[in-house]
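The structure under discussion appears below in the form of structure tokens.
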Amino acid sequence: MGARVLTCLMIVVIILNAIAAAAGLALFAVAIWVAVDGYKLYPISSVSGKDDIFAAAWIAIFTGFAFFLTCIFGIFAALKRSRALLMAYLIIMFIIFLFECASAITAATNRDYLVGNSNLVKKQMLQYYADSSTKGKDITQTWNRVMEQAECCGADSPKDWLDYNSTFRQTFGTTYPWPLNCCNRLSNFEVADREGCIVGKSSAMYTKGCFQFIESVLSRYTWAVSWYGFAVLMFVFLTLVISMIYYMQLD
Amino acid sequence: MLAVVFILGALCPLNFAEIPIKVLNPETDGVLAGIFPNSFLLKLPDCSTYGNKSAELLYIELPSTENKTESFKVPACPVSLPGYLLKGLKSGTTYNMTYKIDNETSTVLTETTTTVIDYQEINSGLPARSGAMVVITVILSLAMVALVAGLIISVFFSG
């Protein structure tokens with residue numbers, strides 16, 4: 001192939017690798033954000049045993065940074081026009097590609113298990129809220145925080161506490177139909193209308209369900225890992241195809 | 001003739017007026033529910049007519065005939081609570097309830113408490129696969145296969 005076309009191809013490979021390196025670094029950063037779990041919803045997935053959204057985030061931290069380093073190596077290999085270095089680059093990129101595929105697919109699948117509908121979150125709340133086991137304490141703390149933050153009660157609505165039996169009902173059922181975190185609070189954190197809240201007055205308590213908030217946070221984490229990972233992978237796929245063509249033209 | 005009828009009507013004793021009794025309605029009364037598994041939320045007697053009077057709520061758990069009473073004071077206007085909470089009931093049971101203030105009674109209200117479903121019966125299995133998951137899996141699997149094919153071609157068939 002002509003020397004000019006080969007140079008052109010080399011420049012395209014270098015540019016694509018530079019962009020892939022930047023994208024990989026961004027994936028690394030986004031995956032760290034998911035792993036840090038600013039909304040502190042990890043107990044909801046760990047208690048049910050399905051915490052693979054966060055496992056996928058940890059894999060994406062590794063693969064994002066590995067993409068960054070390997071793409072820089074790829075720029076170096078393309079400049080040197082070395083067949084051996086380019087083959088090493090292609091094989092390493094392929095291995096990282098496989099891991100990142102696993103991360104993206106795992107995150108998307110696990111999200112379906114956890115928040116496809118409100119049943120799992122509701123059952124977990126009824127079983128573990130106010131339970132004195134370790135799982136119970138985690139879930140109770142998480143739900144208390146969610147109820148305050150999102151101003152909500154129950155999974156679909158406060159009626160979940162009335163329609164179903166629960167550990168909370170067995171412990172406190174005679175006094176409180178639902179936790180006091182469901183009640184409207186004043187700015188100094190005191191309950192605004194305790195008697196009204198216990199009786200069910202709509203203006204004294206939060207009447208919307210918490211599932212929408214939990215689902216939106218877990219979906220946001222999943223889209224960060226799986227959709228952004230997917231986008232990076234499609235771009236890396238293009239880069240690898242062009243790098244393979246460049247490799248085949250070298251002698 | 002008409003005047004006689006009116007005068008007789010005016011002399012009619014007010015004892016025949018009835019205290020309204022009903023369970024609160026979530027749609028119209030601004031509460032979450034009126035019927036609970038172990039209690040009822042009943043509309044309080046009118047605060048302007050019966051405010052500050054002591055009242056009794058008589059209730060019978062069907063099918064027995066044992067009369068139970070709850071005494072309370074009708075709150076004066078303005079009222080903060082939306083209704084009177086009758087507690088300590090059994091779930092899935094029918095009750096007859098009546099108010100009694102001084103010598104007036106209300107009609108008999110018959111209501112059944114709700115039953116409670118056990119949480120173990122909630123099916124928390126996989127509901128369905130989302131479209132996003134199917135798309136990502138399919139496209140990434142195809143990309144992986146294409147890359148393997150490309151690697152094999154570039155290793156064994158390059159000039």
Side-chain angles (χ1 to χ4, degrees), chain A residues 48 83 87 90-91 93-94 97-98 101 104-105 108-109 111-113 116-117 119-127 157-159 162-167 169 173-174 177 193 195-196 198-203 205 207 222-223 226-227 229-230 233-234 237 240-241 244-245 247-251, chain B residues 24 26-27 29-39 41 80-85 87-88 91 113-144 146-159:
Chain A
S48 63
R83 280 198 124 213
M87 182 41 70
L90 285 173
I91 291 179
M93 280 295 268
F94 178 66
F97 191 94
L98 289 181
C101 276
I105 295 174
T109 313
R111 178 211 163 264
D112 291 347
Y113 272 115
N117 62 16
N119 285 353
L120 188 136
V121 165
K122 191 192 298 193
K123 185 172 182 176
Q124 204 185 60
M125 173 189 83
L126 295 168
Q127 188 173 357
S157 79
K159 292 202 70 144
L162 300 177
D163 294 336
Y164 295 93
N165 192 9
S166 59
T167 312
R169 170 185 285 276
T174 44
D193 181 4
E195 293 301 324
I198 291 178
V199 142
K201 198 168 170 187
S202 303
S203 56
M205 59 185 291
T207 47
T222 307
W223 302 153
S226 74
W227 277 121
F230 176 76
L233 284 174
M234 287 296 101
F237 178 77
L240 287 181
V241 163
M244 280 182 221
I245 296 175
Y247 173 82
M248 290 203 285
Q249 302 308 319
L250 284 181
D251 41 35
Chain B
L24 288 180
E27 275 122 53
D29 297 314
V31 285
L32 188 70
I35 306 182
F36 295 79
N38 297 106
S39 35
L41 192 56
S80 61
L81 275 183
Y84 179 73
L85 189 69
K87 296 193 285 198
S91 50
T113 46
T114 57
T115 46
V116 155
I117 309 172
D118 191 32
Y119 64 80
Q120 304 281 12
E121 292 180 27
I122 301 178
N123 178 15
S124 58
L126 178 70
R129 301 225 176 262
S130 64
M133 177 259 162
V134 171
V135 163
I136 291 177
T137 311
V138 165
I139 296 182
L140 287 184
S141 310
L142 291 176
M144 278 191 271
L147 273 185
V148 170
L151 265 181
I152 291 175
I153 292 174
S154 60
V155 165
F156 292 115
F157 294 108
S158 51

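In what follows, chains are A, B, ... by sequence order, proteins preceding strands, each numbered from 1. Every value quoted in this text rests on a predicted model; they were computed, and no experiment measured them.
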Check your understanding: Between atom CG of A:Asn165 and atom OG of B:Ser91, what is the distance when rounded to the nearest 0.5 Å?
Key ->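 Separation between the atoms: 9.5 Å.
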Exercise for review: Quick one: pull up CG in A:Leu162 and CD1 in B:Ile35 and give me the separation to the nearest 0.5 Å.
Suggested key: 11.5 Å
Identify the two heavy atoms, one from [X] and one from [Y], that lie closest to each other, and give their separation to 0.1 Å.
| X | Y | value |
| --- | --- | --- |
| A:Ser202 | B:Leu32 | OG-N, 3.9 Å |
| A:Asp112 | B:Ala128 | CB-O, 3.8 Å |
| A:Val199 | B:Phe36 | O-CZ, 3.5 Å |
| B:Ser154 | A:Met87 | OG-CE, 4.3 Å |
| A:Leu240 | B:Leu147 | CD1-CD1, 3.7 Å |
| B:Gly150 | A:Met244 | C-SD, 3.3 Å |

Is it the backbone or the side chain of [X] that comes under 4.5 Å from a heavy atom of chain A, or both, or neither?
| X | answer |
| --- | --- |
| B:Leu85 | side chain |
| B:Asp118 | both |
| B:Val134 | neither |
| B:Ile153 | both |
| B:Tyr119 | both |

Practice item. Go through B:Pro127, B:Ser39, B:Ala146 and name the one with the most non-hydrogen pairs under 4.5 angstrom from chain A. Key: B:Pro127
Study note, to complete from the structure: Ranked by heavy-atom pairs below 4.5 Å to chain A, first place among B:Val155, B:Thr115, B:Val148 goes to B:Val148
Per-residue contact mode, [X] against chain B (heavy atom under 4.5 angstrom):
| X | result |
| --- | --- |
| A:Asp163 | backbone |
| A:Phe97 | side chain |
| A:Leu233 | side chain |
| A:Thr109 | both |
| A:Met234 | side chain |

**Study point:** Contact winner vs chain B - A:Lys122, A:Met205, A:Arg169, A:Arg111, heavy-atom pairs under 4.5 Å
**Key:** A:Arg169
**Study point:** Top contributor to chain B interface from A:Pro158, A:Gly229, A:Ser157, A:Gly196 [non-hydrogen pairs under 4.5 Å]
**Key:** A:Pro158
Exercise for review: Verify side-chain contact (heavy atoms from CB on, under 4.5 Å) between B:Val116 and A:Tyr164, making sure each step is shown before the conclusion.
Suggested key: CA-CA 5 Å; B:Val116 155; A:Tyr164 295 93; 5.6 Å; no
Practice item. Would you confirm whether A:Lys123, through its side chain, and B:Glu121, through its main-chain N or O, come within 3.5 Å as a donor-acceptor pair? Key: no
Review point. Can B:Ser124 and A:Asn119 be counted as having a side-chain donor-acceptor contact under 3.5 angstrom?
Key: no
